[in-house]
Structures are given as structure tokens and as C-alpha cells.
Number of protein chains: 2
Amino acid sequence: MMLDDRKIKILAAVVHDYIATAEPIGSRTIARKYRIGISPATIRNEMADLEELGYLSQPHTSAGRVPSHKGYRFYVDFLMPVKKLSAAEHGLIRQIFDKRVNELEQLVREAARVISNLTSYTTLTMGPQLKSSRLKHINVNRIDETKGLLLMVTNYGTVSHNIIEMPQNLNDSDLVRISNILNDNLVGKTLLEITSDIMDNIKNEMIEYDEILNMLLEILIENLDEEDERSKVVSTGSSKMLDYPEFQDVEKAKNFFSLLEKSDLMTKALKTSTKPAAINITIGSENPFTELQDFSIVTSNIMVDGKDLGVFGILGPTRMEYSRVVSILEHVTNYLIKALSTML
Amino acid sequence: MMLDDRKIKILAAVVHDYIATAEPIGSRTIARKYRIGISPATIRNEMADLEELGYLSQPHTSAGRVPSHKGYRFYVDFLMPVKKLSAAEHGLIRQIFDKRVNELEQLVREAARVISNLTSYTTLTMGPQLKSSRLKHINVNRIDETKGLLLMVTNYGTVSHNIIEMPQNLNDSDLVRISNILNDNLVGKTLLEITSDIMDNIKNEMIEYDEILNMLLEILIENLDEEDERSKVVSTGSSKMLDYPEFQDVEKAKNFFSLLEKSDLMTKALKTSTKPAAINITIGSENPFTELQDFSIVTSNIMVDGKDLGVFGILGPTRMEYSRVVSILEHVTNYLIKALSTML
DNA sequence: TTTAGCACTCTCCAACTTAGAGTGCTAAAT
DNA sequence: ATTTAGCACTCTAAGTTGGAGAGTGCTAAA
């Protein structure tokens, strides 16, 4: 079911033009703008064929043609040019990683902002599933007479801190002992594995610290929920979408924003569209979630040493500048992976 | 220039109805809905007077009347009923403070979310100016062979952490010494006061730790900029605005969103509208910034022990449910202040 | 001083018209 | 056997027109 050369040229022209203008494109325009060397009439015949084959569609009888999802798919798989980024764009991306930033979250946030600025679409980010992350370091510090600080670092490089009430009867060497015990018993475990069982063991080892250990356990459990919160999908640059003709209708815009707020949906969308491949493109109705079938999503996972540190996703209209988006995403992801692999 | 009783009743009716419906309101409607006991004709005469006095205005000759900014101001100052919150609303607010949350930022974020849900307007929040906050605790922890963690806590209860590269030649007791020295020299100072001068002093005291101290100084300086970032205005619930008739025009909506992105403008707006009073209302053209003159802003500062810990602001159309907004803001702020004063 | 009555103004909306873009089909041209 | 010119046809977008309805201000009567 391959297309002949002329059909391909016409399909490419339609996709290219529609991505740029958002207007249905007619035979006359193709003949004028993309010199293929055949008359509008012939182009019309070819377009009728392409429509029958499912690559194009017509908003109404006397309008030009618009690519169908199948049309975009063909374009993405076979026709899409590799878009070179300009020096300025390169510079913007590199700039994020020049700063000495040592934390995953911040780096990802910055990257999302730049992606969103460069593409003018909405960028989605999802952090690593912290339930599966392993504790790398844990300790308790004293801040003042009554307050302390519980500090945890995971192997993903995420840091979390919690201010705690300090039992009065603990001195500094107690804290060092507690920190050491916690480290010895908990480091290397995933946050899910740290249950009351393990904590009971520790408590048995150190009955004298019962009070504070109970408190810490409680905080650990609370953190689990919260961290889940943290690993949720965050969207950046959503207001940019209002510039696109697709969202000139306020209803559409509202619909889009409320979509972004359905964080479980967005989480699933980012997860399922992430096959092993580096870059993943889901076009319109290819998406299993009906609410997202008017959009396209391009995702890219951040894999470092086999660890899945999260996903970038770009959410935009099906009429998306795929080639630009893909190369921007590729670049940012590569830089980020490089930065992270020296960091972790 | 006081209004007589009948004019006040009519003004109240217009403001009340316009806040509810966003439609200009005519003499007939007032006579029907708000039984004042006079005929539409008389109401017309009174409304003509109110218009001449500047309390009402007419979108066009044959439309009803709409409150002017002066009209809203009169309403807010003299007519506004005290809105009692429902039990459910009370519950939602209380709920935030039931969780054991020990951090200012998180608490504020939660509070903003609830305010935005309850009012359906956009909530703005601004943290304390960290440049003026005082260091309460600082120390350096080791995470693994090559990595360490610089930890800082301010008197406002904000915590910041930075992962750092550890020089190889430091052992654990070195870290304790460094932490102690830093604490002794820096605690109590504002972040602005911590300049290279002070650090030079410390370095002189401990020439052997030159390398790590230089690094820490660099991080401190970087943090200053970043913390500024943190104390910037954050907006919550902006997409809710799309429900209001004021923003049915996409241009208007776009304009609103790009306004939110001008963070320096929003910062100034929150600062200047904050006189000593607890709650501050700025209506339309009362705002010194022309871009904001189509909106009203209600602010409330979080003052604990004379320390300014930040500001809540609600941004909405001039046609805003002032009484609801004010009482919600009062409640949340009071709860928050109570929570913080036990915390800090 | 208040009110009924009425002419007047302005907006909103639905119905209609027109220009323009694009199509599909047919028949002629290559 | 393709390709192309020509043409009738269709559909939309953008006016234009003409009430209907809401609301006003003024005048004169209550």
C-alpha cells in the first residue's frame, strides 16, 4: 500500500502547508507554491485518491484538503525532514546546563521552560517514580533547641527535607547515633520497602529513641504520598496555546486547560506513550484516551544507566511542527542525560 | 457628598445584581427584583442622578446601568455585607492546617489552592523577601565519597539545600568543624550581609579549607538570585478565569495570561497595594498600573511577630464577589498566622 | 414629588445576499 | 491513456437588512 512518487509529493505539500497555516489547502495553491509540474486538475485527481486511501480529508465539500491522522503518520514516518536547530536555539539549550545546577528537579524544570519557549507548545514533565527510588543518605540535624531537620537523598539525586519537633532529651551525639543507625538500616532500600517492620527492628535496637523514631516513621509514610505528588505531571507554557487558531474558541481553550488539570490522565498518557524508543510520537486518534485524540503528544524518556528518571512530553495540536519538536526534544534529552550521568 | 437612603438602596441593588449576572441592570429589573416600593420611572431618575455623581455608568444609551469603580468603592466601604462562610467552606480551609506540615512554602501553596477553589478567582502568592531573612542554621553533610549537601534554614522557616562536589581530602570531623565555623560566623546574618568579606575572614581562620569554602561562597551567591526567584509571585487557578463572561473573548484571555507572566509587574502590584491594613482592596482604576485597571485585587499580608512572611492576593474582574473574597482571605490568613506563630 | 405614557435609541439576532474558493465531472488536448 | 481546460455546482465567510426587545429620558398628569 505504498504511494507513488507524485502522491507522496502532494501529501508532503498538504502536510507542510497545513502545519504552517492551519488552513485547508487546495489544488490551485499546491500547483502555485510547490512546483510539482502538473496542473491543478491533475492534483485534484490525485487528492481525491489520497482521500479515498485515508491520508487526507475535507472539512466540507468545497474546502481544500487537510491531513488525516494517517496522513500525519505517513509524514512523520517517511517524509519528515531532520530539522537543524539554529545556533541561537542551540545556545539557549546549552545555557541551561552551563549553570552549576546539581539537582534533577531544578534541571528538569529549567529544561521544560526552554522547550516550551522554543516550541511554543505545552511541555509536560514527569519525575521518576519515587516509590521505586532507593535511599542513598538519611540523617537528622538539629536546627535549634526545639527543631530538627530530617534529610533524605535518593539515588535519583532528589533531596527531601522535613522540619521536625525535637524531643528535649536528645543531645548531639544521640543525633549522630540515630543518623548512623538509620543509614545502616535503610540506605539501599526503596521507599516502599521501608515499612513499620523494618522500623520496628530499629526500634528494638534502640529502645531509648522510641519517641523520635516513631515520629520519623510517620514522616516517611507521609512523604511517600507527597513524593507521589512530586512525581506527578507538571505542565509548562500552557498559555502559549492560546495563540494557535485551534484554540480561538474559548470553549476549546477551557477544555484544554481542564484536560491539563486531570493529572491522572496526563500521567497515564505520558506513561503509555513511552515505549522503549527514545522519541515517541502519538498522533490524534492513535491515542487510547479519547479526550486527547484532538492532540498529538511527543515524548522522550530520560534514561540514565537503565534508570528511568522521568519523561518529557510535548502536547500540541495534531498540526504540530513535528520535525522541530523532535529535534528540540532529542537535543535537550541528550544534554540532560549527559549532565545527569556525571552527576549521579 | 453622602447619598440619601433611596440612592444607596438602588446603588446596592445595581452592584449586587451586576456582580451576580455581569449584565447591565435596568430600572424595571430593580423595581421587580428588589422591592424598594417605587416605580421604575422614579428609579430611572435616581439612576440618572447616580450616574451624574459618578457611581454608575452606561455601556450605551439604551442599556441598563453598571457600577463604576467609584460605585464599587462605595459598596465596599459602606454597603458590603459580612459574608459568613458555610460549614463546608470552613472545613476545607481548616483541613489544610490539620496536616502536620512544617514548612511555610508548602503551607502557602496549599492555602493558595484552597482559596482559588473557594473563590474561583486567581490567587497570587508572594513569599518573604529572602534577602532580608536571617540565617538560622547552616551545615554541610556528606552523602557519599564524592558528594555533599549544603543545608541552610532561615528564620522564616524556609529550607534550601544544594548538592556539592566534595573535595577528596576532607574527613567527617573536618565537616563538623566547617559546619561549626560556618554556624558561628554566619547565623543571625541576613543573606545579603554574607559577602566575600565575611567569608574571607572565615577563610583566614581556616586556611586549610580554602577549596570547599570558596565553593560554598559561590553557592551562597548563586542562591541569592535563585531565592529571589523563589520569592516571586506565583499564581494559582488562573484557568478558572475562562469561565467568566469577562474573558469569553480570546484576546482578553490571552491578555490576562500574559499579564500573569509579567512577574515584576505582579510583584509591584502585590507590594504597593499592601498598606499596613490587614486586608487591602484595589478596584479597577485605583490601581497605579494601567494594565491592571480592568481588574480588582484584594490582598492580605501574612504578618507574624512583626515579620512580613508574604502576601496573598486575589485577582479578579472588578465585578468581584468582594464580600466572599474578603472573608475567605481573612479566614485563611488568620489560620495561617496562627499555624506559623507556633511553628517559627 | 411621583408616576404613567410614549417616542427614541441601541443592541442582538435571524434571514438573506454575495463573493470567493474549491471541487468533481466532462470533453478536448497531448 | 494521461493530462488539462472549462464549467457548473457547493459551501463558507462576510456583509447587509430589518425587526424585536430592552431601556432610556422627557413630558404631562396624578
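Atoms considered below: every heavy atom in the structure, side chains included; atoms not considered: hydrogens, waters and symmetry mates. Protein chains get the first letters and strands the later ones, always in sequence-line order, with residue 1 at the start of each.
- OP1 or OP2 of C/dT3 sits under 4.0 Å from a side-chain N or O of B/Thr42.
- A cation-pi arrangement is present between B/Lys70 and B/Tyr55 under the rule of less than 6.0 angstrom and at most 45 degrees off the ring axis.
- The A/Ser39 side chain lies nearest to D/dA5 when the options are D/dC11, C/dT23, D/dA5.
- Regarding B/Asp49, its CG atom lies at a distance of 10 Å from the P atom of D/dG25, rounded to whole Å.
- Residues B/Asp264 and B/Lys268 are not paired through a salt bridge, judged by the lack of any N-O separation under 4.0 Å between the basic side chain and the carboxylate.
- For the OP1/OP2 pair of D/dT4 and a distance below 4.0 Å, the side-chain nitrogens and oxygens of A/Arg28 include no atom meeting the criterion.
- For D/dT24, neither phosphate oxygen OP1 nor OP2 lies less than 4.0 angstrom from any side-chain nitrogen or oxygen of B/Ser62.
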Checklist entry - What's the verdict on side-chain hydrogen bond (donor to acceptor under 3.5 Å, both in side chains) for B/Ser296 and B/Tyr322, showing C-alpha distance, side-chain angles and the deciding distance? => result CA-CA 9 Å; B/Ser296 283; B/Tyr322 293 99; 2.7 Å; yes
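- Partner assigned to C/dG24 is D/dC7, using Watson-Crick or G-U wobble distances below 3.5 angstrom.
- Protein atom CE of A/Met47 is 9 Å distant from nucleotide atom C1' of C/dT23, rounded to whole Å.
- Of the candidate nucleotides C/dT2, D/dT24, C/dG24, C/dG24 has the atom lying nearest to any side-chain atom of A/Arg65.
- The distance between atom CD of A/Glu23 and atom P of D/dT12, rounded to the nearest whole Å, is 15 Å.
- At whole-Å resolution of the value, CG in B/Asn45 and C1' in D/dT24 are 11 Å apart.
- Between A/Arg6 and D/dT2, a side-chain N or O to OP1/OP2 separation shorter than 4.0 Å is absent.
- Close to D/dT24, at under 4.0 Å from its OP1 or OP2, lies a side-chain N or O of B/Ser27.
- The distance between the ring centers of A/Tyr18 and A/Tyr75 does not fall below 6.0 angstrom.
- B/Tyr121 places a side-chain N or O within 3.5 Å of a backbone atom of B/Glu321 that can act as its donor or acceptor partner.
- Listed candidates were C/dT3, C/dC6, D/dA22. Nearest to the side chain of B/Ala41 is C/dT3.
- To the nearest angstrom, P of D/dG21 lies 17 Å from NE2 of B/His60.
- When distances run from any side-chain atom of A/Ile38 to the nucleotides D/dT4, C/dT3, C/dG24, the shortest one goes to D/dT4.
- Note on A/Arg44: every side-chain N or O is 4.0 Å or more away from OP1 and OP2 of D/dT4.
- In a base pair of the Watson-Crick type (N1 to N3 plus N6-O4 or O6-N4) or a G-U wobble (N1-O2 and O6-N3), with each distance short of 3.5 Å, C/dT1 is matched with D/dA30.
- Distance CD1 (B/Ile10) to P (D/dG23): 15 Å, rounded to an integer number of Å.
- Going from atom CD1 of B/Ile30 over to atom C1' of D/dA22 covers 14 Å, rounded to whole Å.
- C/dT17 is paired with D/dA14 under the criterion used here, namely a Watson-Crick or G-U wobble arrangement in which both key atom distances are under 3.5 Å.
- As rounded to whole Å, 10 Å separates atom C1' of D/dC11 from atom CD of A/Gln58.
- Between the side chains of B/Glu51 and B/Ser57, no donor-acceptor pair is found at a separation under 3.5 Å.
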